[in-house]
Student: 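Just dropping this structure here.
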2 protein chains.
Amino acid sequence: MPAEPADERRSGPLLQHLARRMRLRSESVLTPLGLRVRHLVALTVLRDSGDISQQGLAGTLQIDGTNVVGLLNDLESAGLVERRRSPTDRRRHVVSLTGAGATRIREAECALADAEDEVLGALAPDERELLYDLLRRASQGCAPTCTEAATESPDAC
Amino acid sequence: MPAEPADERRSGPLLQHLARRMRLRSESVLTPLGLRVRHLVALTVLRDSGDISQQGLAGTLQIDGTNVVGLLNDLESAGLVERRRSPTDRRRHVVSLTGAGATRIREAECALADAEDEVLGALAPDERELLYDLLRRASQGCAPTCTEAATESPDAC
DNA sequence: TAAATAGTTCGTGCTACACGAACGATCGAT
DNA sequence: ATCGATCGTTCGTGTAGCACGAACTATTTA
C-alpha cells in the first residue's frame, strides 16, 4: 500500500455540519427579532457587497429570482432594506441596506453570541476571528455570480 | 454616538451562505457516487469521531433519531457503514465506518475538488487548509451532544 | 416596432425534516 | 421475577424552503 492514503480532505461536509448546527441554534434566537436565518444571510450579503440588483442578489444567494421578491418584501416592509429604481436602467431595482437594517444586523449578531459559543466552543477567540475572516473573504470572493465559472472545469483529480 | 459601532461580527450567516453554495455545487458531483450531501456529512462525522451509537449520531448531526435510521439504512446497504450490537448494552447499535466507507469518502472528497474551487476560490491553498482545520476542530469540539449545554445561558450581551 | 430583460404574482410540486404513535428487544431497579 | 425506562425500528402526518413554470407590466435594446 502507498504511504499516503490520499489527503483529499474537503471542507464541504464540515461546512454543512456546522452550518446546520448553527442554523438550528440561531433560529430560536432570531425569532424574537422577527428575522429568519435567511433574512440575516441576505442582510449580511447586502452589507458586505453594497448595493446590488435583485438579480445579482439571487445569483449571490443562489436562490431563484421569484423567491428573492418575497425575501425582500419581508425586509423592506420591516424597513431594513430599500428598493430604488436604478437611474441607468429603470427596469432594475437597486437594493440597499437602510440604517435600520444595519442596526438590526448588529442586534442580531449580538443575540447570536450564545449560539456561536455553543457551536464554535472548541475554538479560541482569536481562532474564531480568523475563521470569520476566512469565511468573509471566501464569501466576497464569489460574490457577484460564480455561475459564470461553470464553463471552466479543469478537473485534474 | 460611540466610537465603535459594535464590532459583533458573527460567523453564522457566512457559514449558512457558504454552506448553501457548497451544497448546491456538491449535489450534482455526489450523485454519480450514489451519495447525497447528508450521507457524506454522516460519513465524515463517523470517520472523525469513531464508533458511536445511533443516538449519539442523532445528537451530533442534530437530526431526529427516526431519520437516522433511514440514513444508516442507505449507508449500510451500500456497505459503507456497519451496525453492530453493543456488547455492553445490547439495545444499542454501534455504528462504524467500513473500509469501503473510508474509500468512498476519499473518492467523494476527490470529486468535490471543483465544487470547493468554485466556492472557496478566493482563498489560497494554505488558507483553505487552515479553514479545514478550524472547521474540523470546531466540529469535533461539540461532537457528543451540545444539547446538554442548553441549560446554561449566561447571555451577557 | 419587435424582441429581450427585470421584476412581480400565482400556482404546483418536491425534498428534508420534525414529530407522534406503536412495537420488540433489552436494561435497570425493586 | 416484574415493571418502567430506553434504543432502535416502522409508519403516518405535517410543515417549510425552494425550484420551476406561466402570465403580466415596465423598460431597454436592436
Side-chain angles (χ1 to χ4, degrees), chain A residues 13 16-17 19-28 30-31 34-42 51-77 81-96 144-145 147, chain B residues 13 16-17 19-28 30-31 35-42 51-77 81-96 144-145 147 150:
Chain A
Q16 303 301 324
H17 182 202
R20 176 180 180 80
R21 298 194 73 110
M22 188 73 82
R23 178 169 52 79
L24 292 174
R25 272 321 193 181
S26 303
E27 275 167 357
S28 53
L30 253 35
T31 302
L35 291 176
R36 319 297 298 270
V37 172
R38 71 188 114 97
H39 293 136
L40 192 53
V41 173
D51 295 358
I52 190 175
S53 74
Q54 295 190 198
Q55 193 171 244
L57 196 56
T60 301
L61 296 175
Q62 298 270 266
I63 64 179
D64 192 84
T66 62
N67 295 317
V68 172
V69 176
L71 190 61
L72 290 181
N73 285 347
D74 295 345
L75 296 174
E76 192 174 35
S77 66
V81 304
E82 223 176 26
R83 279 192 261 218
R84 299 185 310 266
R85 300 231 81 115
S86 164
T88 67
D89 184 345
R90 294 184 41 76
R91 289 170 302 179
R92 275 184 160 82
H93 276 159
V94 175
V95 183
S96 54
T145 35
T147 36
Chain B
Q16 303 302 324
H17 182 198
R20 175 179 180 81
R21 298 194 74 110
M22 188 73 82
R23 179 170 51 78
L24 293 173
R25 273 318 192 182
S26 303
E27 275 166 355
S28 53
L30 254 33
T31 302
L35 292 176
R36 319 297 298 270
V37 172
R38 73 188 110 100
H39 293 137
L40 192 53
V41 173
D51 295 359
I52 192 176
S53 75
Q54 295 190 199
Q55 193 172 243
L57 196 57
T60 301
L61 295 176
Q62 298 269 264
I63 64 178
D64 193 84
T66 61
N67 295 318
V68 173
V69 176
L71 191 60
L72 290 181
N73 286 347
D74 295 344
L75 296 174
E76 192 174 36
S77 65
V81 304
E82 224 176 25
R83 278 192 264 219
R84 300 183 311 266
R85 299 233 79 113
S86 163
T88 66
D89 184 345
R90 293 184 43 74
R91 288 170 303 180
R92 276 183 160 81
H93 276 159
V94 175
V95 184
S96 54
T145 35
T147 36

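Letters go in sequence order (proteins before strands), and every chain restarts at 1.
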Student: Is it the case that D/dT6 (base atoms only) and B/R91 (side chain only) share a donor and an acceptor within less than 3.5 Å, ignoring hydrogens and angles?
Tutor: yes
Student: If you measure from CG on A/L61 to CD on A/Q54, what distance do you get to the nearest 0.5 Å?
Tutor: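 The CD atom of A/Q54 is 11.5 Å from CG of A/L61, to the nearest 0.5 Å.
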Student: Could you check B/V68, B/I63, B/V69, B/D64 and say which one makes a side chain to side chain contact (heavy atoms under 4.5 Å, CB included) with B/T66?
Tutor: B/D64
Student: At 4.0 Å (heavy atoms only), tell me whether A/R20 reaches a base, stays on the sugar-phosphate, or touches nothing.
Tutor: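 Since only primed, P, OP1 and OP2 atoms lie under 4.0 Å of A/R20, the category is sugar-phosphate.
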Student: Could you check whether A/Q62 and B/R25, counting side-chain N and O atoms only, form a donor-acceptor pair closer than 3.5 Å?
Tutor: no
Student: Could you please name the option among D/dT28, D/dG8, C/dA6 that lies closest to any side-chain atom of B/Q55?
Tutor: D/dG8
Student: Starting at CZ of B/R90 and ending at C1' of D/dG8, how long is that distance when rounded to a whole Å?
Tutor: 13 Å
Student: Counting heavy atoms from C-beta on, name the nucleotide in D/dC20, C/dC19, D/dT28 closest to the side chain of A/T66.
Tutor: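 Of D/dC20, C/dC19, D/dT28, D/dC20 is nearest to the side chain of A/T66.
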Student: From C-beta outward on B/D64, which listed nucleotide comes closest to its side chain: D/dG8, D/dG17, C/dC19?
Tutor: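 Taking heavy atoms from C-beta onward, the closest nucleotide is C/dC19.
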Student: If I take atom CG in residue A/L61 and atom P in nucleotide D/dA19, what distance separates them, rounded to the nearest angstrom?
Tutor: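 To the nearest whole Å, that distance equals 10 Å.
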Student: In whole Å, what is the span from the CZ atom of A/R84 to the P atom of D/dA26?
Tutor: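 Distance, rounded to whole Å: 22 Å.
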Student: Report the residue (A/V68 or B/I63) whose heavy-atom-nearest nucleotide on DNA chain C is the more 5′ of the two.
Tutor: A/V68
Student: Any idea which of D/dA19, D/dA16, D/dT9 is nearest the B/H93 side chain?
Tutor: D/dT9
Student: Reckon A/N67 touches a base, only the sugar-phosphate, or nothing at all at heavy-atom distances under 4.0 Å?
Tutor: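 Here A/N67 touches the bases of the nucleic acid.
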Student: Taking for each residue the nucleotide of DNA chain D with the nearest heavy atom, is it A/P87 or B/S53 whose nucleotide lies nearer the 5' end?
Tutor: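 Nearest-nucleotide comparison on DNA chain D picks B/S53.
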Student: Check every strand shown and say whether A/R36 touches a base, only sugar-phosphate, or nothing at a heavy-atom separation below 4.0 Å.
Tutor: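 A/R36: backbone/sugar contact only, no base atoms under 4.0 Å.
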Student: Take the protein atom CZ of A/R23 and the nucleotide atom C1' of C/dA16, then report the distance between them rounded to whole Å.
Tutor: 10 Å
Student: In whole Å, I'd like the distance from the CZ atom of B/R83 to the C1' atom of D/dC7.
Tutor: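 My rounded result for the distance is 12 Å.
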Student: Say whether, by atom type as modelled, one donor and one acceptor occur between the side chain of A/R85 and the main chain of A/V94 under 3.5 angstrom.
Tutor: no
Student: Could you check whether any side-chain N or O of A/R21 sits under 3.5 Å from a backbone N or O of B/T60, counting only pairs where one atom can act as donor and the other as acceptor?
Tutor: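 Yes, the answer is positive, given that a donor and an acceptor are paired below the 3.5 Å cut-off.
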Student: Mind calculating the distance between CG (B/L71) and C1' (C/dT15) to the nearest angstrom?
Tutor: 14 Å
Student: Look at the side chain of A/Q54 and decide which nucleotide, out of C/dT8, C/dA16, D/dC18, has an atom nearest to it.
Tutor: C/dT8
Student: If you only use heavy atoms from C-beta on, which nucleotide in C/dT15, D/dT28, C/dT8 is closest to the side chain of A/D89?
Tutor: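 Out of C/dT15, D/dT28, C/dT8, the nucleotide with an atom closest to A/D89's side chain is D/dT28.
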Student: In this structure, how many angstroms lie between the P atom of C/dA4 and the CZ atom of A/R92, rounded?
Tutor: 17 Å
Student: Below the 4.0 Å mark, does C/dT9 have OP1 or OP2 next to a side-chain nitrogen or oxygen of A/N73?
Tutor: yes
Student: So, B/R36 and B/D74, do they make that salt bridge, N to O below 4.0 Å?
Tutor: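 Looking at B/R36 and B/D74, the cut-off is not met.
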Student: Quick one: A/I52 CD1 to C/dG7 C1', roughly how many Å, whole number?
Tutor: 15 Å
